2 protein chains.
Amino acid sequence: MAKIKRNKNGTRKDVIISKAAKLFREKGYNATSMRDLAEHVGVEAASLYNHISSKSEILQEICFKVANEFTSHIEEVYASSTNSIEKIEAILRFHIRQMVDNYEEVYVNDREWKHLSDPYLSNIQNQRRSYRQRIAQIIEEGIRKDEIKSIDAPTAVLIMLHAVSGIESWHRSKRKIPGALLEDNMIMILVDGLRR
Amino acid sequence: MAKIKRNKNGTRKDVIISKAAKLFREKGYNATSMRDLAEHVGVEAASLYNHISSKSEILQEICFKVANEFTSHIEEVYASSTNSIEKIEAILRFHIRQMVDNYEEVYVNDREWKHLSDPYLSNIQNQRRSYRQRIAQIIEEGIRKDEIKSIDAPTAVLIMLHAVSGIESWHRSKRKIPGALLEDNMIMILVDGLRR
DNA sequence: TTTTTTCGCTAACAGCTGTTAGTTTTCCAT
DNA sequence: ATGGAAAACTAACAGCTGTTAGCGAAAAAA
């Protein structure tokens, strides 16, 4: 009966998407029904369609918002005039901060993108692939310049990216260490594993 | 019409579970219907119920089979008389091999356990928690003995476990490096990140 | 061969899914 | 205060979900 309360500077659609991100993260995209979502928003399921056009549009908005931020950040880092280790560190720190501050949406992007359908599916797959390739490129450059130990670059990428997504368990743990400390610990372990 | 073909030394139920593991891995538990599964097994959906009692029983069997193997292995390592770094390395190598050789089921256990329901859900949650605690315990012991650098143990655990689950992308990649090489690369990066 | 067990089939169920149509209420701008 | 837009409601849809019942065929045991 009552209207959805907007947050300051946000549309009602934003409210729906942010509640959806929380539910998608907790239960997964497929296990979250529109009636579930509606209840958490405080409205009937049909009413959601005054603000969005489909369930999958919600997933699309979440995934592309996150993916675009990551893509534009990595291009910035790649173009910067720093050495390979510094670049890797910058990328890692950005990842960790995003995962700490923007948990729900980043996590959903990471785990639920499979449930997109074409053309969005192939689009996000391409975006993810070229993201990994950029990192691999930086690592290979570092190996050539003897800044990074001689390892298989795709393997290093895989470790980095998945290690970061483990921040999920940090969020779920009772007694969290502060975010900044988490960041430093992760950097220490991961970067020291790479450094020559 | 024709019966499900058993593999040597396997029941028809095993065939169903192994096909299910593949589908659950590809599309997720909720997105895999019994009719989907039946089609891949070569049978009508209702016929599956001659061998299993419910869809969730399939997930239970997958998850507990995997979880039990990991639990019993870590206890073995924990009891062995080796130093902390060697223990961590042994655990990591076991993880990597399981992830390489028994991909589908290990992956499903890792990503889909959420969809279990009580009492199985709390059971697997406990098992996973005590697994992480065992590793943290080994790391803390290593820090005390100055074998491992002074880091937050839960963070190190989180990195290790999630990094390993990234072997998913290795499986999906076109040109894989050999499994043994993958293993050595991962050990090099992860263990060198820990070593004092 | 006959009997018994195992296992596949078809048909059907009740409940849930995302979504639409049509109507009524709420609220902002005039 | 009032007209119009925005957004809520109810009712309903077609399709899919996991699962059961009952029956006939195939294979195993006798």
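Just so you know, these numbers come straight off a predicted model, no measurement behind them. Numbers restart at 1 for each chain; the letters A, B, ... are given by sequence-line order, proteins then strands.
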Please tell me whether B/S47 and B/N50 have a donor and an acceptor in their side chains that are separated by less than 3.5 angstrom.
no
Check: Does A/H51 make a side-chain N or O approach to OP1 or OP2 of D/dA6 shorter than 4.0 Å?
Finding: no
Once base and sugar-phosphate atoms are separated, protein heavy atoms under 4.0 Å mark nucleotides 13-20 of chain C, 5' to 3', with B, S and - as ----BBBB
task = Assess whether one donor atom and one acceptor atom, taken from the side chain of A/N50 and the base of D/dA8, lie less than 3.5 Å apart.
result = yes
Side-chain N,O (A/S47) to OP1/OP2 (D/dA7) below 4.0 Å: no
note: A/E44, atom CD; C/dT23, atom C1'; distance rounded to Å ~ 15 Å
From NZ of B/K13 across to P of C/dT6 the rounded distance in Å is 15 Å
Separation of C/dG8 atom P from B/L37 atom CG, nearest Å, is 12 Å
>> For B/T32 and B/D36, which I'm curious about, is there any donor-acceptor pair between the side chains at under 3.5 Å?
In response: no
Original post:
Do B/F70 and B/F94 have their ring centres less than 6.0 Å from each other?
Top reply: yes
So salt bridge (charged side-chain N to carboxylate O under 4.0 Å, His left out) across residues 48-61 of chain A, not counting sequence neighbours, yields A/K13-A/E57, A/K13-A/E61
Residue pair A/Y131, A/H95: steps toward the ring pair (Phe, Tyr, Trp, His ring centres under 6.0 Å) verdict: CA-CA 12 Å; A/Y131 189 82; A/H95 256 269; 5.6 Å; yes
Output for pair (B/N83 CG, B/E141 CD), nearest 0.5 Å, gives 10.5 Å
